[in-house]
Enquirer: 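Dumping the structure here so I can ask a few things about it.
Side chains are part of it too, since the values below use all heavy atoms of this structure and drop only hydrogens, waters and symmetry mates. Keep in mind that this is a model prediction, so the values were computed, not measured.
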Amino acid sequence: DFGSKISNVSRLKVSNMYVVENPLSASGVSYVQRPSISSYASTAGGLTRGIWSQNRDGITSIYVVSGTTLYKSGLGTSYLPVGDIPGIETCKFASTIYHIGIISGGNLYLSDGEIVIPVDIPDNQKVSDITNLDNYFIISIENSNKFYYIMPGDTTVDPLSFTSAERNPDDIISVAAVGDEMWAIGETSTEIFIDSGDANAPFVRLTGRVYDTGCADSRSVVRTIKDSLPCLVWVSSSKEVVLTQGVPSKISNESVEEV
């Protein structure tokens, strides 16, 4: 509830308030109200494990993993089942113009919106994260400095289609694309790769773009916009929040880092 100091204004219910700086306020801040969240649609699958949007041929489709089923938005607010995504974990997503990619329980699934395709990973390795660059899917491997790539439009992983982040002997925690770069964020270091244009070796390391900044958890990595430019934000292995526009820069203070 919000109570005004003006006597003729009654208390009112507000939702989704957030704090902004206001030098004209006695407390130095103001509380800004946002509209309440209302129900848009429902599925019969159960617990929602992830939501993703894909723009394809000018049409935006919404995908939802609910329970163990992948749903795709249909007409109005209806959602149609596409296929099975086993597991109970929160899913990770990426998409190309051909497919969406979903990680659940260390396994990879692709979908064209009509069916779900389980993808075999060489040597039954488990997948830790996924991103896309130039319509390649890029998937990192658990407890490894290696990532595989899937050729545009393909639904299989070639055992020889992999690259390693070898500057430091740390495992890759997250892979994330921003602009025309792919960031391989490890436990203690970060390396940057670009599309070489060579289909036989499409991803090459950028010389001189290696940083001693790691990642605490892949779920902390967010792609966003700052000053009209794309960037990444994540929690480092030293519990600092860093923002990357060219180089990782600390943006947190001690009160945040102690959490």
Side-chain angles (χ1 to χ4, degrees), residues 43 45-57 61-73 79-165 171-177 182-186 193 195-196 198-203 217-219 221 223:
T43 63
L47 179 67
T48 297
R49 298 166 51 210
I51 301 174
W52 186 256
S53 66
Q54 179 195 40
N55 188 290
R56 184 177 182 181
D57 299 327
S61 298
I62 306 299
Y63 291 86
V64 178
V65 178
S66 183
T68 57
T69 303
L70 174 67
Y71 293 86
K72 180 185 177 182
S73 57
Y79 278 77
L80 305 176
V82 178
D84 294 333
I85 306 291
I88 59 173
E89 306 85 356
T90 300
C91 297
K92 297 178 179 179
F93 299 84
S95 60
T96 67
I97 63 172
Y98 306 102
H99 300 94
I100 67 166
I102 305 168
I103 296 176
S104 173
N107 299 308
L108 176 64
Y109 304 87
L110 299 182
S111 176
D112 60 0
E114 301 295 330
I115 60 172
V116 172
I117 305 167
V119 179
D120 292 329
I121 307 300
D123 301 322
N124 294 317
Q125 298 171 98
K126 293 296 185 181
V127 179
S128 60
D129 204 8
I130 184 171
T131 189
N132 76 88
L133 183 65
D134 296 340
N135 288 312
Y136 288 88
F137 278 119
I138 301 165
I139 52 174
S140 57
I141 301 300
E142 287 184 358
N143 305 314
S144 167
N145 66 346
K146 180 168 59 178
F147 62 86
Y148 286 91
Y149 52 87
I150 300 176
M151 302 296 288
D154 281 359
T155 57
T156 59
V157 179
D158 186 326
L160 299 180
S161 295
F162 70 90
T163 304
S164 299
D171 297 336
I172 295 176
I173 300 299
S174 179
V175 287
M182 196 286 290
W183 290 55
I185 309 171
F193 295 78
D195 184 351
S196 68
D198 181 354
N200 294 317
F203 294 101
D217 193 309
S218 65
R219 293 170 296 181
V221 181
R223 183 167 49 190

Enquirer: To the nearest 0.5 Å, what is the distance between CD1 on I130 and CZ on F137?
Expert: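 Result: 5.0 Å between the selected atoms.
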Enquirer: Take a 6.0 Å sphere around CD1 of I88 and say whether it holds more than 12 heavy atoms from other residues, nucleotides or ligands.
Expert: no
Enquirer: Out of F162, W183, F193, which residue meets the ring pair (Phe, Tyr, Trp, His ring centres under 6.0 Å) rule with F147?
Expert: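 Of the listed residues F162, W183, F193, the ring pair (Phe, Tyr, Trp, His ring centres under 6.0 Å) partner of F147 is F193.
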Enquirer: Out of curiosity, L47 CG to T68 OG1, how far, rounded to the nearest 0.5 Å?
Expert: 11.0 Å
Enquirer: Has D112 got a side-chain atom pairing as donor or acceptor with I115's backbone, closer than 3.5 angstrom?
Expert: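 Confirmed, D112 side chain pairs with I115 backbone.
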Enquirer: Hey, could you give me the CD1/CG distance between I97 and D134, rounded to the nearest 0.5 Å?
Expert: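 Reported to 0.5 Å precision, the distance equals 11.0 Å.
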Enquirer: I need the Y148 OH to L160 CG distance, nearest 0.5 Å.
Expert: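 Interatomic distance, Y148 OH to L160 CG, rounded to 0.5 Å: 8.5 Å.
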Enquirer: Within the 4.5 Å heavy-atom criterion, are L108 and I150 side-chain neighbours or not?
Expert: yes
Enquirer: Please report the closest heavy-atom contact between E89 and G105, naming both atoms and the distance.
Expert: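 Smallest heavy-atom distance, with atoms named: OE1-N, 3.5 Å.
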Enquirer: Minimum heavy-atom separation for I172 to S128, with atom names?
Expert: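 Smallest interatomic distance, heavy atoms only, reads O-OG, 4.2 Å.
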Enquirer: For W52 versus S95, what's the shortest heavy-atom pair and its separation?
Expert: NE1-OG, 3.2 Å
Enquirer: To the nearest 0.5 Å, how far apart are CD1 in I117 and OG1 in T156?
Expert: 10.0 Å
Enquirer: If you count the non-hydrogen atoms of other residues, nucleotides and ligands that lie under 6.0 Å from CG in D198, is the total more than 12?
Expert: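 Count over threshold, so yes.
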Enquirer: Short question: side chain of S196, backbone of A201 - any donor-acceptor pair under 3.5 Å?
Expert: yes
Enquirer: If you take all heavy atoms of A177 and T131, which pair is closest and at what distance?
Expert: N-OG1, 3.2 Å
Enquirer: Does S66 use its side chain to pair, donor to acceptor, with the backbone of G46 at less than 3.5 Å?
Expert: yes
Enquirer: Any side-chain heavy atom of I100 sitting closer than 4.5 Å to one from I102?
Expert: yes
Enquirer: Counting distance only, does the side-chain N/O of N145 pair as donor-acceptor with the main-chain N or O of S164 below 3.5 Å?
Expert: no
Enquirer: Where the side chain of S140 meets the backbone of V175, is there a donor-acceptor pair that is under 3.5 Å apart?
Expert: no
Enquirer: So does E142 get a backbone contact from the side chain of Q125, meaning a donor-acceptor N/O pair under 3.5 Å?
Expert: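 The answer is no, because no donor-acceptor pair under 3.5 Å joins these two groups.
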Enquirer: Is the F203 to Y136 ring centre distance short of 6.0 Å?
Expert: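 Ring centroids of F203 and Y136 are less than 6.0 Å from each other.
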Enquirer: Can you measure from OG (S144) to CG (D171) and round to the nearest 0.5 angstrom?
Expert: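 Answer rounded to 0.5 Å: 6.5 Å.
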Enquirer: Do Y98 and L110 have side-chain heavy atoms sitting under 4.5 Å apart?
Expert: no
Enquirer: T163 and Y149: which non-hydrogen atoms are nearest, and at how many Å?
Expert: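 Closest approach of T163 to Y149, heavy atoms only: OG1-CE2, 4.1 Å.
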Enquirer: Indicate whether any N or O donor in one side chain lies under 3.5 Å from an N or O acceptor in the other, for K72 and S111.
Expert: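 There is no such pair (donor and acceptor under 3.5 Å, judged by atom type) between the side chains of K72 and S111.
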Enquirer: Heavy-atom distance under 4.5 Å between the side chains of V157 and P122, does that happen here?
Expert: yes
Enquirer: Take D129 and S174, measure what side-chain hydrogen bond (donor to acceptor under 3.5 Å, both in side chains) needs, and give me the verdict at the end.
Expert: CA-CA 6 Å; D129 204 8; S174 179; 2.6 Å; yes
Enquirer: With sequence neighbours excluded, give me every side-chain hydrogen bond (donor to acceptor under 3.5 Å, both in side chains) pair touching residues 100-109.
Expert: R49-S104, N107-K126
